[in-house]
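Below, read A as the first sequence line, B as the second, and so on, with proteins coming before strands; counting in each chain starts at 1.
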2 protein chains.
Amino acid sequence: MSKHTIWDGPLVSSVEPLKARRLFLLLRDRILSGDIGPNTRLPSEPLLAQEHGVSRVTVRRALDKLADEGLIERRPGSGTFVNTRPTSAQVTADFSNVLTHLVEMGRRTDVKLISFAYMAPTPALTSDLKLQPGERVQRSVRVRLIDGQPFSYLITHVPERIGISYSEADLASTPLLELLERSGIVAERAQQIIGATLAGPEVAAALDLEIGAALLSMTRIVYDPSGRGIEHLQALYRPDRYSLNMDLIRTGANGARRWSPVERPRVSTPKTKSIPKTRVNRVSIQRRTTR
Amino acid sequence: MSKHTIWDGPLVSSVEPLKARRLFLLLRDRILSGDIGPNTRLPSEPLLAQEHGVSRVTVRRALDKLADEGLIERRPGSGTFVNTRPTSAQVTADFSNVLTHLVEMGRRTDVKLISFAYMAPTPALTSDLKLQPGERVQRSVRVRLIDGQPFSYLITHVPERIGISYSEADLASTPLLELLERSGIVAERAQQIIGATLAGPEVAAALDLEIGAALLSMTRIVYDPSGRGIEHLQALYRPDRYSLNMDLIRTGANGARRWSPVERPRVSTPKTKSIPKTRVNRVSIQRRTTR
DNA sequence: TCAAGCTGTCCTATTGATGGCACAGCTTTC
DNA sequence: GAAAGCTGTGCCATCAATAGGACAGCTTGA
């Protein structure tokens with residue numbers, strides 16, 4: 001039943017080209033979710049191979065990748081063990097802060113401006129921002145880093161009439177919304193859509209990820225009091241370095257009980273006791289950009 | 001240092017396992033971002049092959065995948081065209097409803113119970129739910145469907161003392177929180193973490209996706225007034241069928257302006273004027289390709 | 001001490017993914 | 001109507017990914 005038919009049902013296309021990747025993802029999820037738990041010994045390579053119907057070579061590749069990410073430790077003669085890990089995201093955004101700043105607990109955040117240009121809007125942009133016919137937009141792509149590590153990829157579109165109120169240099173140093181409000185532009189209403197997507201080549205490179213990695217996606221459109229769009233943001237986050245947290249309390253009478261968001265204490269305890277060295281290496285290799 | 005394996009460079013894959021996948025993601029991003037725009041004709045297959053330095057076979061695979069997702073339409077003899085409105089999610093959850101029901105605009109939602117068992121908790125679960133030593137948990141896995149199409153995969157862990165207050169059959173028909181409150185258990189506080197992850201084999205099969213697809217992830221822990229955990233939920237959503245929407249308004253004085261969530265009208269205009277036929281096609285095709 | 005079991009390494013088939021080419025059928029353009 | 005260009009399809013060659021072994025060196029436990 002589940003021998004060669006493992007790939008029976010699923011959606012599109014052919015055959016999974018990478019069983020190793022598949023096994024890697026499976027084990028990674030089990031480890032990160034705490035399902036396997038730190039310091040536990042994984043099943044032996046031959047066992048894993050048998051359980052998942054793959055060869056030991058494939059199992060080894062999956063384990064190699066896990067070891068590369070620092071999730072497991074392999075002890076020859078003994079077994080393969082799950083590492084204790086600075087688990088969840090390094091940066092968390094409280095719900096009420098989503099639109100403003102990050103929770104910056106004494107960490108240094110930088111912004112790198114990838115591109116900056118004025119262009120004709122796509123049809124989708126025109127309708128989202130309620131642009132006038134012929135009106136152009138400013139497109140900027142930025143990457144945010146914390147402690148030198150990239151965690152978000154931001155594609156921003158702003159109507160030209162608004163974009164000219166600040167400079168390219170401003171954008172590289174100041175949050176866009178702040179720039180806008182500083183110029184007297186009033187943000188009144190906003191709509192956010194949160195989803196998930198896969199990393200394409202450019203985004204993957206910018207966020208120091210492999211192509212096809214999972215990303216948390218947020219699309220935001222900000223409107224002024226007259227209902228015209230003043231900012232269109234497409235943000236892509238590395239889920240291992242950024243997540244959306246919210247605390248909720250149950251309110252209301254018994255008949256109509258519901259959940260309400262709660263203010264978070266501003267500084268959550270920095271649980272970054274040790275940055276895994278693999279990460280550090282990777283970043284230093286990647287780029288020694290801004291100071 | 002890094003052995004002789006193909007996976008040499010830790011993350012940024014020097015050798016990409018799947019050129020087709022890579023090209024697929026690249027084109028998908030350009031289409032979804034509006035970079036290519038609806039009704040535009042893509043470069044011809046030979047041209048794309050040349051531009052990206054791959055063979056036409058590979059280009060074809062990438063385009064096949066795009067077509068499967070309904071993003072493009074291929075017209076023999078004419079060219080390959082970007083479809084109008086790659087569409088957004090079919091189901092959207094308003095922020096204030098995240099914890100309750102979906103916005104069910106006259107659509108039929110079903111729940112399928114995948115598994116149900118009592119087991120020993122993992123270490124992570126023990127700490128998350130603040131379990132007593134030796135206390136067991138009830139684990140249930142459910143899939144939610146709308147109009148017969150799966151969109152969410154729910155893994156729930158509940159302390160045994162609480163789980164016994166309802167039956168397996170209850171779980172397949174009623175939301176868990178409702179069951180709990182019906183039993184007199186009080187949900188007081190909750191914490192939610194939203195992120196993204198990749199689909200593993202089981203989840204992919206259950207949600208009718210391919211392995212490695214992007215998923216919106218939500219982890220929720222609900223506590224009773226005494227601070228003990230009563231529910232641990234790991235929810236995985238198909239981002240093309242479910243997304244998190246929120247409307248915000250700018251409040252507060254000039255000094256401390258911030259964003260606050262806004263109540264949504266309960267029934268958002270069903271922008272599903274017509275379920276795009278591409279979707280329908282996909283489903284039927286999907287069944288056909290079972291081999 | 002010995003036996004069992006584990007990882008590290010090497011080897012050889014087989015299968016899948018890709019590259020490269022040719023041709024048919026269709027649409028558009030001139 | 002003809003030419004050009006596109007997608008759909010088939011074929012074969014090449015190379016990477018996987019399967020399936022074998023063996024060495026190590027650790028653990030009896």
[X] has a side chain; which of [options] sits nearest to it?
| X | options | value |
| --- | --- | --- |
| B:P76 | C:dT7, D:dT18, D:dG8 | D:dG8 |
| B:S44 | C:dT7, D:dT18, D:dT7 | D:dT7 |
| B:R41 | D:dC6, D:dA19, C:dC6 | D:dC6 |

Which heavy atom in [X] sits nearest to a heavy atom in [Y], and how many Å separate them?
| X | Y | answer |
| --- | --- | --- |
| B:N83 | B:I72 | ND2-O, 3.5 Å |
| B:A235 | B:L154 | CB-CD2, 3.4 Å |
| B:P123 | A:G37 | CG-CA, 4.3 Å |
| B:A206 | B:V143 | CB-CG2, 3.9 Å |
| B:S140 | B:F116 | CB-CD1, 4.0 Å |
| A:L198 | A:G212 | CD2-O, 3.5 Å |

Reckon [X] has a side-chain N or O less than 4.0 Å from the OP1 or OP2 of [N]?
| X | N | result |
| --- | --- | --- |
| A:S78 | D:dT27 | no |
| B:S55 | C:dG19 | yes |
| B:T58 | C:dA17 | no |

Query raised in the report: Taking for each residue the nucleotide of DNA chain C with the nearest heavy atom, is it A:G77 or B:V59 whose nucleotide lies nearer the 5' end?
Result: A:G77
Query raised in the report: Would you say B:K112 has more than 12 foreign heavy atoms packed within less than 6.0 Å of its NZ?
Result: no
Query raised in the report: Within a radius of less than 6.0 Å around CD of B:Q50, do more than 12 heavy atoms belonging to other residues, nucleotides or ligands occur?
Result: no
Provide, to the nearest angstrom, the distance between the [atom1] atom belonging to [X] and the [atom2] atom belonging to [N].
| X | N | atom1 | atom2 | result |
| --- | --- | --- | --- | --- |
| A:K19 | C:dA17 | NZ | C1' | 14 Å |
| B:F81 | D:dC6 | CZ | P | 11 Å |
| B:R74 | C:dT27 | CZ | P | 16 Å |
| A:D64 | D:dA17 | CG | P | 13 Å |
| A:Q50 | D:dG20 | CD | C1' | 14 Å |
| A:E73 | C:dT7 | CD | P | 13 Å |
| B:L23 | C:dT18 | CG | C1' | 13 Å |
| B:R61 | D:dT7 | CZ | P | 17 Å |

Requested in this report: Return the orientation label for the A:H232 and A:H157 ring planes: parallel under 30°, perpendicular over 60°, tilted otherwise.
Outcome: perpendicular
Report task. Would you indicate what B:A20 reaches in the nucleic acid, counting non-hydrogen atoms under 4.0 angstrom: base, sugar-phosphate, or nothing? Result -> sugar-phosphate
Query raised in the report: Reading nucleotides 9-15 of chain D from the 5' end, what letters show protein touch, with B for base, S for backbone sugar-phosphate only, - for no heavy atom under 4.0 Å?
Result: B------
Query raised in the report: Is any NZ, NE, NH1 or NH2 atom of the basic residue among B:E202 and A:R30 found under 4.0 Å from an Asp or Glu carboxylate oxygen of the other?
Result: yes
Requested in this report: Give the angle between the helix axes at the two ends of the helix from C:dT1-D:dA30 to C:dC30-D:dG1, taking five base pairs at each end and rounding to 10°.
Outcome: 30°
Requested in this report: For B:R75 and for A:V54, locate the closest nucleotide of DNA chain D by heavy-atom distance; then report the residue assigned to the nucleotide nearer the 5' terminus.
Outcome: B:R75
